[in-house]
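Within every chain, numbering begins at 1; the chains are lettered A, B, ... in the order of the sequence lines, protein sequences first and strands thereafter.
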Amino acid sequence: MKYDFSAIESKWQKKWDEARIFCAEDHSEKPKFYGLVEFPYPSGVGMHVGHIKAYSGLEVIGRKRRMQGYNVLFPIGFDAFGLPTENSAIKTGIHPRQLTDRNIEKFSSQLRRVGFSFDWERVIDTTEEDYYKWTQFIFLKMFEKGLAFRDTAMVNYCPHCKVVLSNEDSQGGKCDICHSDIVQKSKDVWYLRITEYADKLLQGLEGVDYLPNIKMQQVNWIGKSRGAFVNFGLTDTDETLRIYTTRPDTLFGVTFMVIAPEHPIIEKMKDRIENMAEVEAYQTECTKKTEFERTQLVKDKTGVCLKGLCGINPVNGKEIPIYIADYVMMGYGTGAIMAVPAHDERDYDFAKKFGIDIIEVIKGGNIEEAAYTGDGPMVNSDFLNAYDNKADSIAAMIEWLGEKGIGEGGVQFKMKDWAFNRQRYWGEPIPIVHCPSCGMVPVPYEELPLRLPPVTEFEPGQGGESPLAKLDYFVNCKCPKCGGDAKRETDTMPQWAGSSWYFLRYIDPKNGEALADMDKLRYWMPVDWYNGGMEHVTRHLIYSRFWHHFLYDLGLVPTAEPYAKRTAQGLILGPDGEKMSKSRGNVVDPNDVVDDMGADVLRVYILFMGDYGAAAPWSDNSMRGCKRFLERVADLPSLVKGGEVNTKLESSFHKTLKKVNSDIEEMKFNTAIAAMMGLLNEVFEVGSITKDQLSMFVRMLCPFAPHLCEEMWESMGGKGFASLAQWPEYDEAKTIDSTVELAVQINGKVRGKVTLPMNADKDTSLAAVHADEKLFALVDGKTVIKEIVVPNKIINIVVK
RNA sequence: GCGGGUAUGGCGGAAUUGGCAGACGCGCCGGAUUUAGGAUCCGGUUCCCCGUGAGUGCAGGUUCAAGUCCUGUUACCCGUACCA
């Protein structure tokens, strides 16, 4: 058969579409499979092959499930709100709506050309009113429950993009979008109280099947720690200074305290602080430092001692100095710490620099040289009889603090609340009205969606306010509660809002009454298998789990956890081994590959490149090998002849099928394809194939190279679509050989081979070795020390 | 610093979990066919001093047997960033 890929591919894509074979059924007797891939952000540059890899994994698994008789939901959509489109609108003057539509069209056509088995009737676009109506709905529910709130606080701010960013969006001190340095700024912003769900998000991980590194990253990001809050006294006042520590067992070793430069106690006590000018100078210096600079100066501790004010250690009444220093952050714990230089490296560095006492209270290290942070018995502590290990000491100390009323046990999380508003145009408007007499009033549900008004200028204001703030007709409104004059919130939601619940909408994309119908949700949820990038593990993945837990608490979804299983694909690097990027000019466009080699080759190559979860560089040459493979597959029908079945080949078919079957489940697509290549080589060596074998081959290759397989299926008289044909079953009996070739080692070196019946016993095996002239010669006349026979694996004879 | 991961031919990568290292593919070498080929087919291809040789980042160890387990060490990648 001639392999005219472009004719074959467009032919079958059209047929699939017309027959709607990839559309999921809302209700079905079949078992369901919900396979989800992270929907793309439709940027102006189009897709690159990395997108294709991200979808190819579940594409193969979903296609296999369909052939196995599942009702498969494999949807796609577009996460289209966000800064890149808005920035492009500013540059080109074209409205983001138009740009988005254009980009979605481009992405869709690229995806269709690859032949993905997406259900194109459920496509969602997060920027459509019918969609973001429900994003706003969920926001209002959060507002009602006190989970969406405004607060003035130090936030991450990108001076280049002129927006406030969440912690997740400013990892590494860089803006997630433009990579400029983030600055800290005090601002009145919207937050979602994700910290309220920190424990649930942590516990939920126990019941789901995520790759271990994915779980680990989330656990670290949530960052739960256990410890104690302790109230320290202040000299000559009733005020207390509350600290958080994970080492209450070192309380007797406290020799000073440190508070964050922004700590409110400074303002409160300013009359008592004798060196206020010096303190203020230090505070100013700190605000000038960017986050980046702060982290670069890790080694060098700075700080200023508060004169005229001392802390009082509640466990022994000792007066201790208080410092302000920027190594203590206002955003974690209470913004104040007890410093135990003997047992904390940072405190140790600080104490050394400022000449503060270092008192050892845990034995085990040498505090002359370094802080000892390990375990050990308590010493120098006027506490009961002291304990021998950390855990006991901590537990006893917490209990004692409680009894004395000076502190109590507590937990802290590294995760912070989610800074949720962006001062930009292209996002979901926050449906809140600010009324001078009623305060913040939600837009009534029946008025949703609160539409994004049409504008022609997308530049944010100089003061960093949203472009919406310039629209008087949008801003000025009546309070929904009292009817008086009021002003609308003009900020919009961040990029991550729409993607936090999109997988629910696929289940019921046209529902006007609810975000999705409960019966349908009960049938489809949870997502059986979710695949996406590692870069979303501490962003989208955690945000969407939070929203889903919240919706579960409201009774709007049937399960607490949205995703039963989560995997991640590795990057495709450029041919130069570097990360693909426009600026490096090493981006591979899937359209070019489809034109040159065909979609099936692209699909097979992407999965053949290597471990699905690992990064691998692109190689046009290697891809040519996949082309050769498919061309030879297309020639298989010419080998169909009558005659006897070659039992060895038949056995290879069943072995290969068994391997392909399990490799797909483990996402080991590269070895599945390699096995099929090996089988093909064997077929050509034998020179003939039966009709049944051909049918088997076509069906097992179909999830990988569906267009070619459909064409072959049709020409061999297969019924219906290959894509819906029954997944072939292997015969276990045929995968077991009657004989096995065993390596024979003498003193651990392979010296020969013997062929034995399966499961031959020790005597038979050794007899076969002795019967072999060459092997016998190596053993003959020597003292046999040991004979190891592992059935079907190896024979090793140790001689002297 | 902390957490996680990786290291195997010229290259991408395999190896049923302790049992024949290098599957499969690329590249390369040789041959066939072809007016020609960056097409196709066939054969070869870990290395070398070609042996009873060496060999999975490096140094040790356990074992009849180690890419796989243990101890130490180096390099690189990813995440995180003074988290008290």
Side-chain angles (χ1 to χ4, degrees), chain A residues 171-173 212-217 219-221 223-225 227 243-247 250 257-258 260 291-292 294-301 325-329 331-340 343-347 349-350 373 412-416 534-535 537-538 570-571 573 577 604-605 608-611 613-626 628-629 631-632 659 662 668 670-681 684 741-753 778 785-799:
Chain A
Q171 296 180 20
N213 53 335
I214 294 177
K215 258 189 206 184
M216 188 100 49
Q217 269 194 36
V219 169
N220 289 343
W221 187 257
K224 183 173 183 169
S225 83
I243 61 97
Y244 175 73
T245 179
T246 54
R247 294 295 302 270
T250 62
M257 299 181 80
V258 184
E291 185 82 10
F292 181 71
R294 272 200 186 190
T295 57
Q296 288 306 295
L297 301 169
V298 167
K299 292 270 146 21
D300 201 21
K301 296 275 182 296
D326 65 359
Y327 83 92
V328 171
M329 305 289 146
Y332 183 80
T334 61
I337 64 160
M338 63 178 214
V340 186
H343 305 291
D344 181 283
E345 281 164 24
R346 295 147 304 176
D347 298 345
D349 291 345
F350 195 88
T373 56
Q412 276 292 303
F413 295 94
K414 282 191 206 174
M415 188 165 67
K416 299 198 173 90
M534 283 306 292
E535 69 276 20
V537 167
T538 52
L571 292 174
L573 305 173
V604 170
Y605 173 59
F608 182 65
M609 291 174 84
D611 183 343
W618 185 267
S619 158
D620 281 333
N621 271 334
S622 285
M623 185 166 56
R624 231 164 261 143
C626 295
R628 257 170 235 151
F629 168 60
E631 281 167 347
R632 299 219 301 158
K659 180 164 177 60
S662 59
K668 291 161 77 174
N670 54 335
T671 49
I673 294 166
M676 287 187 278
M677 287 173 167
L679 179 62
L680 185 76
N681 291 343
F684 275 91
E741 195 181 54
L742 239 59
V744 179
Q745 299 184 335
I746 311 288
N747 291 341
K749 302 260 183 221
V750 178
R751 296 297 181 210
K753 280 166 196 190
L778 289 164
I785 295 169
K786 212 168 186 179
E787 290 166 325
I788 295 114
V789 178
V790 183
N792 311 324
K793 297 235 162 148
I794 207 151
I795 298 167
N796 191 6
I797 300 172
V798 186
V799 295

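- Residue A/R628 is in sugar-phosphate contact alone, with no base atom involved, counting any heavy-atom pair closer than 4.0 Å across all strands shown.
- Using C1' as the reference atom, B/C2 and B/U56 are 30 Å apart when rounded to the nearest Å.
- On the P atoms, B/U16 is 15 Å away from B/U6, given to the nearest whole Å.
- For A/T334, the side chain to side chain donor-acceptor pair (under 3.5 Å) test picks out no residue, with sequence neighbours left out.
- The nucleotide whose nearest atom lies closest to any side-chain atom of A/E631 is, among B/C82, B/U40, B/C24, B/U40.
- Atom CZ of A/F413 is separated from atom P of B/A84 by 13 Å (rounded to the nearest Å).
- The local environment of CD in A/E345 is sparse, with at most 12 non-hydrogen atoms from other residues, nucleotides or ligands closer than 6.0 Å.
- Rounded to an integer number of Å, the gap from OH of A/Y327 to C1' of B/A84 is 8 Å.
- The side chain to side chain donor-acceptor pair (under 3.5 Å) search around A/T538 returns A/Q171, not counting sequence neighbours.
- The backbone N or O of A/G748 lies less than 3.5 Å from a partner atom in the side chain of A/N796, making a donor-acceptor pair.
- Side-chain proximity of A/Q217 to the nucleotides B/G79, B/C64, B/C42 is greatest for B/G79.
- Taking the P atom of each, B/C47 and B/G9 are spaced 11 Å apart, rounded to whole Å.
- Remark: A/N621 engages A/R624 in a side chain to side chain donor-acceptor pair (under 3.5 Å) (not counting sequence neighbours).
- When the P atom is compared between B/U17 and B/G51, the two are found 37 Å apart, to the nearest whole Å.
- With a glycosidic angle no further than 90° from 0, B/U17 counts as syn.
- Rounded to an integer number of Å, the gap from CG of A/L571 to P of B/G5 is 19 Å.
- In this structure, A/N747 atom CG and B/U63 atom P are separated by 16 Å, rounded to whole Å.
- Atom P of B/A15 sits at a distance of 28 Å from the matching atom of B/C76, rounded to the whole Å.
- For the pair A/D620 CG and B/G25 C1', the computed distance is 15 Å after rounding to whole Å.
- On the C1' atoms, B/C26 is 15 Å away from B/A14, given to the nearest whole Å.
- For B/A84, the OP1/OP2 oxygens have a side-chain nitrogen or oxygen of A/Y332 closer than 4.0 Å.
- Across all strands shown, A/T246 has heavy atoms under 4.0 Å from sugar-phosphate atoms exclusively, and none from any base.
- Here B/A84 presents its C1' atom at 14 Å from CG of A/D326, a figure rounded to the nearest Å.
- Distance check on atom C1': B/C42 versus B/U46 gives 23 Å, rounded to whole Å.
- In this structure, the CD atom of A/E535 is 22 Å from the P atom of B/G4, given to the nearest Å.
- Seen from the ring of A/Y327, A/K301 counts as a face-on cation partner, given the 6.0 Å and 45° thresholds.
- One N or O on the side chain of A/N747 and one on the backbone of A/V799 form a donor-acceptor pair closer than 3.5 Å.
- Taking the P atoms as reference points, B/G37 lies 13 Å from B/G31, given to the whole Å.
- A donor-acceptor pair is defined here as one N or O able to donate and one able to accept, closer than 3.5 Å; no such pair exists between the side chain of A/N220 and the backbone of A/G223.
- Closest to the side chain of A/R751, out of B/G27, B/C82, B/G53, is B/G53.
- Taking A/Y605 as the reference, nothing meets the side chain to side chain donor-acceptor pair (under 3.5 Å) condition, with sequence neighbours excluded.
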Which dot-bracket string describes RNA chain B (Watson-Crick N1-N3 plus N6-O4 or O6-N4, or G-U N1-O2 and O6-N3, all under 3.5 Å; [ ] crossing; | other strand)? (((((((..(((......[....)))((((((.......))))))(((..).))..(((((..]....))))))))))))....
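- Residues A/K749 and A/G335 each lie close to RNA chain B; by heavy-atom proximity, the contact nearer the 5' end of the strand is made by A/K749.
- For B/G9, the base is syn relative to its sugar; the glycosidic angle is within 90° of 0.
- In this entry the distance linking NZ of A/K414 with P of B/A84 reads 7 Å, nearest Å.
- Counting non-hydrogen atoms under 4.0 angstrom, A/N681 reaches the backbone sugars and phosphates but no base.
- Remark: side-chain polar atoms of A/Q412 are paired, donor with acceptor, to backbone N or O of A/G333 under 3.5 angstrom.
- Taking the nucleotide of RNA chain B with the nearest heavy atom to each of A/A675 and A/G331, the more 5' of the two is matched to A/A675.
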Its contact letters, B for base, S for sugar-phosphate only and - for none at protein heavy atoms under 4.0 Å, make nucleotides 11-21 of chain B read -BSSS---BB-
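- A donor-acceptor contact shorter than 3.5 Å is absent between the side chain of A/S622 and the backbone of A/S619.
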